[in-house]
Amino acid sequence: MKIEDTIFIEEVQKRYELLTDTYISLYNNALKKFKNETIHDLRVCSRRIITLVEFALTKINSVYGENLIKILKFYFKKLSKLRDIQILQENNKAKAINSKNWLAFINYLVKQEKKTIKKLQSLFSQEKLTEIEGLFFFFELEMRKALNNGAIKAKDLVEAINEKYKQVMIKYNQIEISDIETIHKFRIKFKKFRYLYEFLQQIDAENSISSKELGKYQTLLGDIQDSEILNRSILVYLKKTGKYNQASELLSDAAGIKTAAVLKFIEKKNEIYKFWVEQSETETN
């Protein structure tokens with residue numbers, strides 16, 4: 001896969017500017033209201049920026065880049081609990097229509113969401129956003145310089161994707177369907193591969209698989225993780241409220257959701273082989 005370095009430079013800069021502008025817009029939205037879609041999009045945007053910056057940092061040294069990753073990961077982690085609660089509500093609210101037990105659980109989640117948002121609001125401020133914007137700006141200057149002087153080349157991206165895919169396949173071959181933790185570890189590596197691959201897809205769309213295809217595969221893995229979170233959340237709910245008379249229905253339904261998610265993954269599991277063919281050095285020069 002041959003990519004012109006001039007095209008590579010233009011596309012990486014364009015991608016970085018788009019992502020950072022999007023992040024700033026979403027952060028501003030979060031300052032006003034913690035909407036479900038805002039939290040989701042902010043976390044996804046964070047992952048994409050972190051992926052690009054981490055790739056650049058394999059070729060250059062940058063205090064700005066290192067600090068940028070730290071602050072983005074800080075917010076990403078802090079928003080994880082809220083996003084989990086919101087996903088649980090979205091995925092299971094329909095069950096509350098015909099079940100008093102599920103309605104009680106959803107109402108519990110709504111209360112937890114409000115408490116979590118209240119705690120998070122103090123972490124978001126215009127001052128913090130100004131700090132992030134500064135890091136975006138100064139890291140962009142350093143990355144642009146590195147791109148223009150050849151410190152970061154198109155072949156470096158392809159080599160990085162090769163390495164990410166190797167890591168994915170190591171975890172893939174370690175999957176034991178009876179051990180959900182092995183699927184979770186595979187999912188983490190796959191996400192890192194996917195977000196790096198997206199940069200290549202932007203540059204060479206004709207010769208690469210659509211990111212949507214990888215997204216569908218990632219969703220299969222995400223559904224399994226969501227089912228695990230659901231089960232853990234129900235157990236916490238039962239312990240906190242003492243409503244163990246609801247355990248049978250809630251845990252039984254959660255087990256069914258988990259089984260269905262795992263079966264869907266098994267059906268599509270081998271699609272991993274179509275997403276990438278390792279590129280040799282001669283192909284990337």
Side-chain angles (χ1 to χ4, degrees), residues 36-37 39-41 43-48 51 76 79-99 101-103 105-106 109 161 164-198 201 208-238 246-277:
N36 292 18
E37 59 268 25
I39 300 307
H40 170 266
D41 292 348
R43 280 166 49 81
V44 171
C45 188
S46 297
R47 285 196 195 106
R48 287 171 173 155
T51 299
F76 182 88
L79 290 170
S80 295
K81 182 179 179 181
L82 176 59
R83 184 55 190 156
D84 286 345
I85 293 171
Q86 291 175 338
I87 288 174
L88 290 176
Q89 290 183 65
E90 291 173 6
N91 290 351
N92 302 288
K93 62 183 178 182
K95 298 183 185 68
I97 297 173
N98 299 312
S99 169
N101 291 337
W102 277 101
L103 178 60
F105 177 60
I106 294 298
L109 291 175
I161 295 172
K164 293 294 184 187
Y165 189 70
K166 286 178 183 177
Q167 293 173 14
V168 166
M169 293 312 298
I170 289 172
K171 294 302 179 183
Y172 176 83
N173 291 321
Q174 292 175 352
I175 288 176
E176 294 181 19
I177 296 300
S178 59
D179 185 355
I180 297 299
E181 184 62 23
T182 62
I183 299 177
H184 176 59
K185 289 179 180 178
F186 167 66
R187 173 175 169 264
I188 291 172
K189 294 296 183 183
F190 183 82
K191 285 197 296 184
K192 292 182 178 180
F193 161 73
R194 179 201 169 183
Y195 289 123
L196 191 60
Y197 178 92
E198 280 185 335
Q201 202 275 332
S208 56
I209 292 176
S210 167
S211 182
K212 289 182 180 179
E213 290 299 308
L214 283 83
K216 291 177 183 177
Y217 193 83
Q218 186 174 313
T219 296
L220 295 174
L221 299 168
D223 287 345
I224 296 173
Q225 181 65 12
D226 291 344
S227 72
E228 279 287 284
I229 294 171
L230 174 61
N231 188 74
R232 291 200 298 267
S233 298
I234 289 172
L235 291 174
V236 171
Y237 162 71
L238 294 173
Q246 299 178 6
S248 179
E249 179 184 359
L250 296 179
L251 292 175
S252 177
D253 287 351
I257 291 168
K258 178 178 176 179
T259 299
V262 171
L263 289 175
K264 283 183 181 179
F265 171 61
I266 292 173
E267 184 182 346
K268 302 288 185 179
K269 182 171 175 278
N270 290 339
E271 287 187 4
I272 187 67
Y273 293 105
K274 76 178 184 181
F275 294 136
W276 184 251
V277 176

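Just so it is clear, the model here is predicted, and its values are computed rather than measured.
Here Tyr195 pairs with nothing under the ring-ring contact (aromatic ring centres under 6.0 Å, His included) rule; sequence neighbours left out. Residues satisfying the side-chain contact (heavy atoms from CB on, under 4.5 Å) test with Ser80, not counting sequence neighbours, are Arg43, Phe76. Taking the salt bridge (Lys or Arg N to Asp or Glu O under 4.0 Å) definition, one finds that Lys192 meets it with nothing, sequence neighbours left out. Partners of Tyr217 according to the ring-ring contact (aromatic ring centres under 6.0 Å, His included) rule, which considers only residues two or more places apart in sequence or in another chain, are Phe190, Phe275. Partners of Ala247 by side-chain contact (heavy atoms from CB on, under 4.5 Å), not counting sequence neighbours, listed by chain and number: Leu238, Leu251. Legend: residues meeting side chain to side chain donor-acceptor pair (under 3.5 Å) with Glu228, ordered by chain and number and at least two apart, are Lys258. Contacts of Lys216 classified as side-chain contact (heavy atoms from CB on, under 4.5 Å), with partners at least two apart in sequence or in another chain: Glu213. Not a single side chain to side chain donor-acceptor pair (under 3.5 Å) links His40 to another residue, sequence neighbours left out. The salt bridge (Lys or Arg N to Asp or Glu O under 4.0 Å) search around Lys81 returns none, not counting sequence neighbours. Shown here are the side-chain contact (heavy atoms from CB on, under 4.5 Å) partners of Lys212, two or more places apart in sequence or in another chain: Ser210.
Rounded to the nearest 0.5 Å, atoms CG (Leu250) and CZ (Phe105) are 7.0 Å apart. Between atom OH of residue Tyr172 and atom OG1 of residue Thr182 there is a gap of 12.0 Å, rounded to the nearest 0.5 Å. Note that the CZ atom of Phe186 and the CD1 atom of Ile175 stand 5.0 Å from one another [nearest 0.5 Å]. Distance check, rounded to the nearest 0.5 Å: CG of Leu196 to OG1 of Thr51 gives 7.0 Å. One finds the OG1 atom of Thr259 at 10.5 Å from the CD1 atom of Ile224 (value rounded to the nearest 0.5 Å). A distance of 11.0 Å separates CG of Asp84 from CG of Leu230, quoted to the nearest 0.5 Å.
Ring-plane geometry between Tyr165 and Phe193 is classed as tilted, the angle between the planes lying from 30 to 60 degrees on a 0 to 90 degree scale.
Tested against Glu198 for a salt bridge (charged side-chain N to carboxylate O under 4.0 Å, His left out), the candidates Lys164, Arg48, Lys191 yield a single pass: Arg48.
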| said: Test side chain to side chain contact (heavy atoms under 4.5 Å, CB included) on Lys171 and Gln174; report intermediate values, then the result. | reply: CA-CA 5 Å; Lys171 294 302 179 183; Gln174 292 175 352; 3.5 Å; yes
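Scanning both residues, Tyr197 and Ile161, for their nearest heavy atoms gives CA-CD1, 4.0 Å.
Sorted by first and then second residue, the salt bridge (Lys or Arg N to Asp or Glu O under 4.0 Å) pairs involving residues 173-188 (not counting sequence neighbours) form an empty list.
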Pair up each side-chain donor or acceptor in residues 87-99 with any protein partner under 3.5 Å, not counting sequence neighbours, and list the distances.
{"unit_1": "Gln89", "atom_1": "NE2", "unit_2": "Glu113", "atom_2": "OE1", "d": "2.9"}
{"unit_1": "Glu90", "atom_1": "OE2", "unit_2": "Asn36", "atom_2": "ND2", "d": "3.0"}
{"unit_1": "Asn92", "atom_1": "OD1", "unit_2": "Lys95", "atom_2": "NZ", "d": "2.7"}
{"unit_1": "Asn92", "atom_1": "ND2", "unit_2": "Leu88", "atom_2": "O", "d": "2.8"}
{"unit_1": "Ser99", "atom_1": "OG", "unit_2": "Asn101", "atom_2": "N", "d": "3.4"}
{"unit_1": "Ser99", "atom_1": "OG", "unit_2": "Trp102", "atom_2": "N", "d": "3.2"}
{"unit_1": "Ser99", "atom_1": "OG", "unit_2": "Glu249", "atom_2": "OE1", "d": "3.4"}
{"unit_1": "Ser99", "atom_1": "OG", "unit_2": "Glu249", "atom_2": "OE2", "d": "2.7"}

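A 4.5 Å side-chain heavy-atom check between Val262 and Ile180 finds at least one atom pair inside the cut-off.
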